[in-house]
Number of protein chains: 2
Amino acid sequence: MRYKITVEYDGTPFCGWQRQDGVDTIQQRLEKALLPLSKIPVTIYGSGRTDTGVHALAQVAHFDLNNDIDCFRIQECMNAYLREVPICVLSVEKVNNEFDARFSAVERTYIYKILNRRARACIDANRVWRVVPLLDNEKMHNTAQILVGKHDFSSFRAAGCQSNSPVKTMNSISVTRNGELIIVEVKARSFLYHQVRNIVGSLVNVGSGKWSEEDFAKVFQAKDRTLAGMTAPACGLYFAGVKYDMEKFCL
Amino acid sequence: MRYKITVEYDGTPFCGWQRQDGVDTIQQRLEKALLPLSKIPVTIYGSGRTDTGVHALAQVAHFDLNNDIDCFRIQECMNAYLREVPICVLSVEKVNNEFDARFSAVERTYIYKILNRRARACIDANRVWRVVPLLDNEKMHNTAQILVGKHDFSSFRAAGCQSNSPVKTMNSISVTRNGELIIVEVKARSFLYHQVRNIVGSLVNVGSGKWSEEDFAKVFQAKDRTLAGMTAPACGLYFAGVKYDMEKFCL
C-alpha cells in the first residue's frame, strides 16, 4: 500500500531533507517516526530535496507499507514521535502505485521571504532574509517577468547541480510587499540547484538600485553564474507546495 | 533629553516585560543594552506590560538621558547589545518631556493568532495557538461586535487585575481568516489584565460551536469571570502597536 504525506518543517536545525550518515535530516526523522508502525525500515521519498536551513510549508513524500493502516492513525502516530522536533505531518492519503512524489509532480512552488528593514529579524529570526536597503518591489516584480517561460537558467545554477540540462520552464514569478515583508513566489515543474536563491539574490540587486532592469536581463542572457548576484540565504526559502494530477493516483 | 523607542520581541524566553529580581525580562534587557551609552542606570518605561510568552511587534517605551545622543546611534548600539536575545529596537525618536509611553497612549492594538488545524504548530511553534476544531471565523467576528463600545468587561477580567474599574471602551475587534490562520485584532485605549486572551478563549467556544452567539452575550452581560471560556495561551498574543498624538510631543 502506497501513502502520500504532506509535511511541514522548520529547516533551521536540520542538515536538509536527505538522509546522510552522522547528521540530522528531515528524511531520517520521518523514517524513524514511521518505524513504530512499519516495524521494518521504510524509505520515504520526497518530491525534492531541501538544503540545510530551508523550510517547507508543504513538502510531499511517498512510502510503501506492507500493511493497510488507517491514514489518520499514521498521521497521529508520526506526529507523536516527531513531537521533539520542528517537523509535522499535515496529511496522509492512500494513493495507487503509479504515484511518485518526485516524478509525478506537475508543478512546484517556492516562496522566499525578505524582511526589508534596518533592524535584524527578531520574531522572524531564521524565517526571513533581512535586507536593509529599501527595495523597490514593483521594479523587482517587473524585472522578474523576463524569467517566465522556457529558458537556459545557467546564470542562476549553482555548481554541483545534478540536472542534465540548464533549461527549465518557469510558470510564474511574483514579487509582492506586505509592509516590511517582501514575498517572492516562484512556480515551475522543477528547479536547478539554488535557482530560486540565486534569482532572489539578483533581484535584490535590482530592488536596491545596484542593478538596472537591463543589467538583470544581461546577466540572465549571459548564461554565466559568475555574473549573477549573491545566493540569498537558505533561511528565507520555503518549499511551499507541489501539484499533482491526483485523479490519476486515486485508489 | 527624552527618547521614545519602538521595540519588537519574541516573548518566549522571557518572564514578561517588567523588571523583576532573578528572572529574565524584556525591560531589564533593554535597560542593560542602554547602559554602555547612558553610563548610569536608566529606567525604561513601557506603554504596557506584557506577560510571560507574549510577543510585541511594536511595544513603545520612553526613557531619559542626561546627554543628547543621536537616535540612530542609540538604536544601533542597543541592537548590538541585544544581539544574543530576541529583542530589537525598531526606531528611536526624541520627544519632549510631556511624552509618557504609558499615559500618553491614545489607542493600543493587540493581535491574537490562532492556527486552526489538526497538526500542531511547527514553523510557527510558540507564535500561535493551535486550535483543532474547525472554527467559524465569520460567526466569531459577528459575535465579537457586541464588545465594541464602553462596557463592563468583568467577565473577561483576570484575578489580580490592578485596574480601578472593569469598565473599558473597545474601539474595534475583528476576526479574519487567511487559510489556516485566524487573526483577532483588538483596539482600545487600555485593557484589563488578560482581557484579550479571555475574549479569544470565549470566542473560540463560539467558533467551534460549543457556544451560540447568545451564550457569548449572556456570559459577557453576566460580568462574572467564572462563566467565561478559557484564557487563550500567551504564545498567540502580540502587542501590535500604540497610537499617540505625536504632534503634542515634538521637540
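Note that the coordinates shown come from a computational prediction; the quantities given were computed from them, not determined experimentally. So you know, we letter chains A, B, ... as the sequences are listed, proteins then strands, and number each from 1.
When A:His55, A:Arg83, A:Arg120 are compared by the number of non-hydrogen pairs under 4.5 Å with chain B, A:Arg120 comes out ahead. For the set A:Asn79, A:Val89, A:Leu90, A:Thr12, the entry with the most heavy-atom pairs within less than 4.5 Å of chain B is A:Leu90. Each of A:Ile123, A:Asp10, A:Leu82 has some count of heavy-atom pairs under 4.5 Å with chain B, and the biggest count is that of A:Ile123. Taking A:Ala119, A:Ser91, A:Ala125 one by one and counting their heavy-atom pairs under 4.5 Å with chain B, the maximum is reached by A:Ala119.
Distance check: B:Ile26 CD1 to B:Tyr9 OH gives 4.5 Å after rounding to the nearest 0.5 Å. Considering CG of B:Asp245 and CZ of B:Phe99, their distance stands at 11.0 Å, rounded to 0.5 Å.
The part of A:Ile87 that comes within reach of chain B is its backbone (N, CA, C, O), which places non-hydrogen atoms under 4.5 angstrom from that chain.
Using a 4.0 Å cut-off between charged side-chain N and carboxylate O, B:Arg29 and B:Glu84 make no salt bridge. By the 4.0 Å N-to-carboxylate-O rule, A:Arg189 lies too far from A:Glu107 to be salt-bridged with it.
Taking the six-membered ring for Trp and thresholds of 30 and 60 degrees, B:Tyr244 and B:Phe249 have ring planes more than 60 degrees apart, a perpendicular arrangement.
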